[in-house]
Each structure stands twice: as C-alpha cells, then as structure tokens.
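In each ligand, atom 1 is the first atom listed, and ligand 1 is the first ligand listed. Nothing fancy with the numbering, it's 1 onward along the sequence.
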Amino acid sequence: MGKKRTKAAAGAWTADPVELLRVGQDFDLASFDRAGTPGWEGDKHSAAAFMAERGEQLSDLQERLFADGKSGGTRSVLLLLQGIDTSGKGGIVRHVIGMVDPQGVALASFGVPTAEEREHDHLWRIRRQLPPAGKIGVFDRSHYEQVLVVKVDQLEPPELNETRYEELVAFDREIIGNGTTLIKVAMMVSHAEQGARLQERLERPDKWWKYNPGDVDVRQRWDAYQDAYAEMFARTSVDEAPWHVIPADRKWYARLAVTELLHRALTELELGWPPADFDPKVELERLAATSRA
Ligand code: ATP
C-alpha cells in the first residue's frame, strides 16, 4: 500500500497581522506571548504553502519597485529588524528577503561601531546605508541600538540617553519624508527559547560559528534588555512609524508575519509598470529589420 498523502489544510489570516502586531498605547511587553501565532489559522505546513504564494507576489512587487526606481521614481522600502541574539533576524533575511531578487535588495548589518564610525555621530553609518530609490533595504540591527545595547551597557552618559528617543523618531520621519516606507520590526523570543537556541549552538559543531561567548553575557542582562525594549516601544512607536512586535519562538510564524508586513507595504505603493520612453511599435519594426531569414 502506498503512503496515504493528506493535503495540508489551507491556512489563512483571520485577522490583519499588521494591526494585530502593531505596538499601540496599551502594549505590554511583559505579558506578550512569544510563542503565539496571532491571526493565523493554520499550522506550520499551511504557513509554508501560503508563504510560497506570497513569495511569488513579493517577487513581482519588488520588480515593480525596482522598475519604478530605474524610471525616476523616488520610492524605496526599509525593513528594520531588531531583536536579541537568537531571535531569528538572520532567518528573516534568508527566508523572507531570500524570496526576492537579491539585485533589488540593500542589506546592512550594524555591529559594534568601528573606529571610523566612532569618529562620527551615531546616525552617520546609518545614513550611508539607507536604501536608494527602487530598493528594499534591510537593516539587521539599526539606529535603535542606541537605546538598547548603548543604554543597557551605559556606553554613553544616561542624560544623553533621554534625548535619543525623540532623535530616533525624528530620524524615522526624515527617512519617510524622503520617500521610504519604513517597517520597524522587533523579534521577541522567550527566555526559555533563547536558552534552548543557545544550547543548540553549543551542542552542534556546525553551529559553533554562530556562537559568541558574549551571548551569555547579554543573556545575563535579560531583564535590563526587556526594560530597554519596553521603553523603546513606549517612546518610539508613533503613528507614522509604529513598531511591530513579532512573537519569535516559532520561526515559521515569525517569517510568515514579516512576509505579510512586507507584502502589505509593497502593495500599498500601488506600483504599476513604468511607461516606455521609446516607441515600442517603431522598435519592433527596427528589430524586424535586423532579421537575417
Ligand atoms: P547578531 O547577534 O546580530 O547575529 P553577531 O553576533 O554576528 O550579530 P555583529 O553583527 O558583528 O555580531 O554585531 C552585533 C553586536 O553589535 C550586538 O551585540 C550589538 O549589541 C552590537 N552593537 C550594535 N550596535 C551597537 C552600538 N551602536 N554600540 C555598541 N554595540 C553595538
């Protein structure tokens, strides 16, 4: 007897994830369920099928954005990813952004500032990596580290820290004003899941390259980081540039949700195909005239 194959039930969004995951006034990080799958009716398998469909649509939308940029359009999209170690930022880049043509993507990762970067104000290195027209920019960490690691590790005087929130929001507004659709995403993994992921990195030789002893130091400051995230959400989730908090214990859900945010942002640009700046009829005739048959 052959194996019985059952068709995976089709999954669907039962509520708009863009709304559900947006940080509003009454958002409470402490009670946020990091293993939840808000708005998704279906399992991991139906999510994979849905994502494959979305992937094709994303690819088409990204090509339209690229074509728009080539034709003098000024629009771009910036997906900004924040999240502590193991929260799955890399997986988003691989599995979500990986569904579109890499030529249309501008990826930037922000680690500990280099000597050159430290000679400038903290936004200098960020400005240099903003996506040009027509591209989808992806920030793996961002200017928001200024109110996360910099605050938690007291890398600058605390009184300066107070001014950062307004400065960051002003910067977001500047980015948006220049024609960029900004999607701010924070990946939130639970303490237990982070522990399990770090343990796996330590137990598997093929994952050692991902491990950094500093990850445990950061984990020791878990509560301080949670406080910093909560404060960042409260102070910098504004109507024009809201944060979206993604439950990240289930990688498949996190990827599905970010796919949806990106898909929505691109769809809302309502991009058509740019008109030709030549006469297609004339060009077809010219092409026909080159025939050697
Ligand atoms: P990830 O943890 O994102 O996978 P990684 O471990 O490979 O990255 P890098 O990308 O080289 O490391 O650097 C990330 C580190 O840089 C994080 O620990 C982050 O806190 C730190 N970092 C980022 N921005 C700043 C900043 N402005 N000041 C100090 N440290 C920063």
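The contact set between ligand 1 and Leu155, taken as ligand atoms under 4.0 Å from a residue heavy atom, comprises 29 (C). Each of the following atoms of ligand 1 lies closer than 4.0 Å to a heavy atom of Asp85: 2 (O). Every atom of ligand 1 is numbered from 1 in the order shown, and the set under 4.0 Å from a heavy atom of Phe110 is 23 (C), 24 (N).
For atom 16 (O) of ligand 1, the closest heavy atom belonging to the protein is Val112 N, 3.1 Å. For atom 9 (P) of ligand 1, the closest heavy atom belonging to the protein is Gly111 CA, 4.1 Å. What sits closest to atom 30 (N) of ligand 1 on the protein, heavy atoms only, is Val149 CG1, 3.5 Å.
Checked for salt-bridge contact, Arg64 and Asp60 meet the test: a charged N lies under 4.0 Å from a carboxylate O. Taking the charged nitrogens against the carboxylate oxygens, Asp206 and Arg204 do have a contact shorter than 4.0 Å, which makes a salt bridge. Between Asp172 and Lys184 there is a salt bridge, since at least one side-chain N of the basic residue sits less than 4.0 Å from a carboxylate O of the acidic one. Under 4.0 Å is where a charged nitrogen must lie from a carboxylate oxygen, and between Lys207 and Asp215 no such pair does.
The shortest heavy-atom distance from Pro113 to ligand 1 is under 4.0 Å. At least one heavy atom of Arg125 sits less than 4.0 Å from an atom of ligand 1.
Between Phe27 and Trp243, the ring centre distance reaches or exceeds 6.0 Å.
Atom CG of Asp239 sits in a sparse spot, with 12 or fewer heavy atoms from other residues, nucleotides or ligands closer than 6.0 Å. The 12-atom threshold is exceeded at CD of Glu159, counting heavy atoms of other residues, nucleotides or ligands nearer than 6.0 Å.
Distances from atom 4 (O) of ligand 1 to the protein include no heavy-atom value under 4.0 Å. Not a single protein heavy atom sits closer than 4.0 Å to atom 7 (O) of ligand 1. Note that atom 12 (O) of ligand 1 has no protein non-hydrogen atoms nearby, at separations under 4.0 angstrom. Distance check for atom 1 (P) of ligand 1: a protein heavy atom is found below 4.0 Å.
Neither the backbone nor the side chain of Leu148 comes within 4.0 Å of ligand 1, counting heavy atoms alone.
Of the options Lys89, Gln146, Arg141, the smallest heavy-atom separation from atom 18 (O) of ligand 1 is shown by Arg141.
Heavy-atom minimum distance, Tyr144 versus Val169: OH-N, 4.3 Å.
Remark: Arg128 is positioned above the aromatic ring of Trp124, its terminal NZ or CZ atom under 6.0 angstrom from the ring centre and at most 45 degrees off the axis.
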